[in-house]
Amino acid sequence: NAGVMQNPRHLVRRRGQEARLRCSPMKGHSHVYWYRQLPEEGLKFMVYLQKENIIDESGMPKERFSAEFPKEGPSILRIQQVVRGDSAAYFCASSRGTANQPQHFGDGTRLSIL
Amino acid sequence: DQQVKQNSPSLSVQEGRISILNCDYTNSMFDYFLWYKKYPAEGPTFLISISSIKDKNEDGRFTVFLNKSAKHLSLHIVPSQPGDSAVYFCAASAGNSGGSNYKLTFGKGTLLTVNP
């Protein structure tokens, strides 16, 4: 499967726990993006990363949220001390470049906070 | 403030007819526009895009039209098929001085139902 791979597909956490969401971009893509979708809403940009670099994290909450894209391995979106309001679908996308290049999305991780 | 608006939450058309999905935007800096299709429990699938230097782009049954003066774009699907039933998202991005335009702003989507 050459598409964007996200895991897990579903993740349940209790308030105060940590959530780790993983994303492997499409082969040949070095640009990774994370988006969040709340119910009945469109996707909202969170962060843009390249290997070992955070390029733009302007859409990410300042506290509890972090993202990385290490030299080896998948990109990770980490949410510490989760709260009910973090319940959402989190989508990862990747692209070959950034100038008029479409982003291709994974199937998302549905995060539920108990 | 919603910069990309899809004012029709839903649209129903008959199989074989044309589907027209509309999208309006407010940010005049947007210069790249995309349409995605999304099935339940799946991620958005890229359909077609258009840059602001064009006013039309066609790919098979899908055509996107851009009217920059009206800040309006539309997606035409013809002929519509039952498998086209999905939520359609319009997205836009603004280029920076380096030429990259990566931050997509999405509308809330339109649910298209194509009836057999």
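Throughout, a chain's letter reflects where its sequence line sits, starting with A, and its residues are numbered from 1. Computation of the quantities below employed the complete heavy-atom set of this structure, encompassing side-chain atoms and omitting hydrogens, waters and symmetry-equivalent molecules. Predicted, not measured: the structure shown is a model, and the values here were computed from it.
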So with a 6.0 Å cut-off around CD of A/Gln17, is the heavy-atom count from everything else above 12?
yes
What residues of [range] sit under 4.5 Å from chain B when you count only heavy atoms?
range: residues 101-114 of chain A; value: A/Gln101, A/Pro102, A/Gln103, A/His104, A/Phe105, A/Gly106, A/Asp107, A/Arg110
range: residues 30-39 of chain A; value: A/Tyr33, A/Tyr35, A/Gln37
range: residues 50-62 of chain A; value: A/Asp56, A/Ser58

Cluster question for you: counting only ILVMFWY and a side-chain heavy-atom cut-off of under 4.5 Å, with indirect links fine, are [X] and [Y] together?
X: A/Met46; Y: B/Phe106; result: no
X: A/Phe69; Y: A/Tyr90; result: yes
X: B/Leu34; Y: B/Leu75; result: no
X: B/Phe33; Y: B/Leu47; result: yes
X: B/Leu112; Y: A/Leu43; result: no

Proximity breakdown for B/Leu104 and chain A, heavy-atom pairs closer than 4.5 Å:
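It is both, since atoms from each part get that close.
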Measuring from [X]:[atom1] to [Y]:[atom2], what's the distance to the nearest 0.5 Å?
X: B/Glu42; Y: A/Arg9; atom1: CD; atom2: CZ; result: 7.5 Å
X: B/Lys38; Y: A/Phe91; atom1: NZ; atom2: CZ; result: 4.5 Å
X: B/Tyr102; Y: A/Asn100; atom1: OH; atom2: CG; result: 14.5 Å

Quick one: list whatever passes side-chain hydrogen bond (donor to acceptor under 3.5 Å, both in side chains) with B/Lys37, sequence neighbours left out.
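Scan of B/Lys37 (side-chain hydrogen bond (donor to acceptor under 3.5 Å, both in side chains), adjacent residues dropped) gives B/Tyr39.
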Sort out for me which of B/Ala41, B/Pro9, B/Gly107 touches chain A most, counting heavy-atom pairs under 4.5 Å.
B/Ala41
Between B/Lys108 and A/Glu41, is there a side-chain N and carboxylate O pair less than 4.0 Å apart?
yes
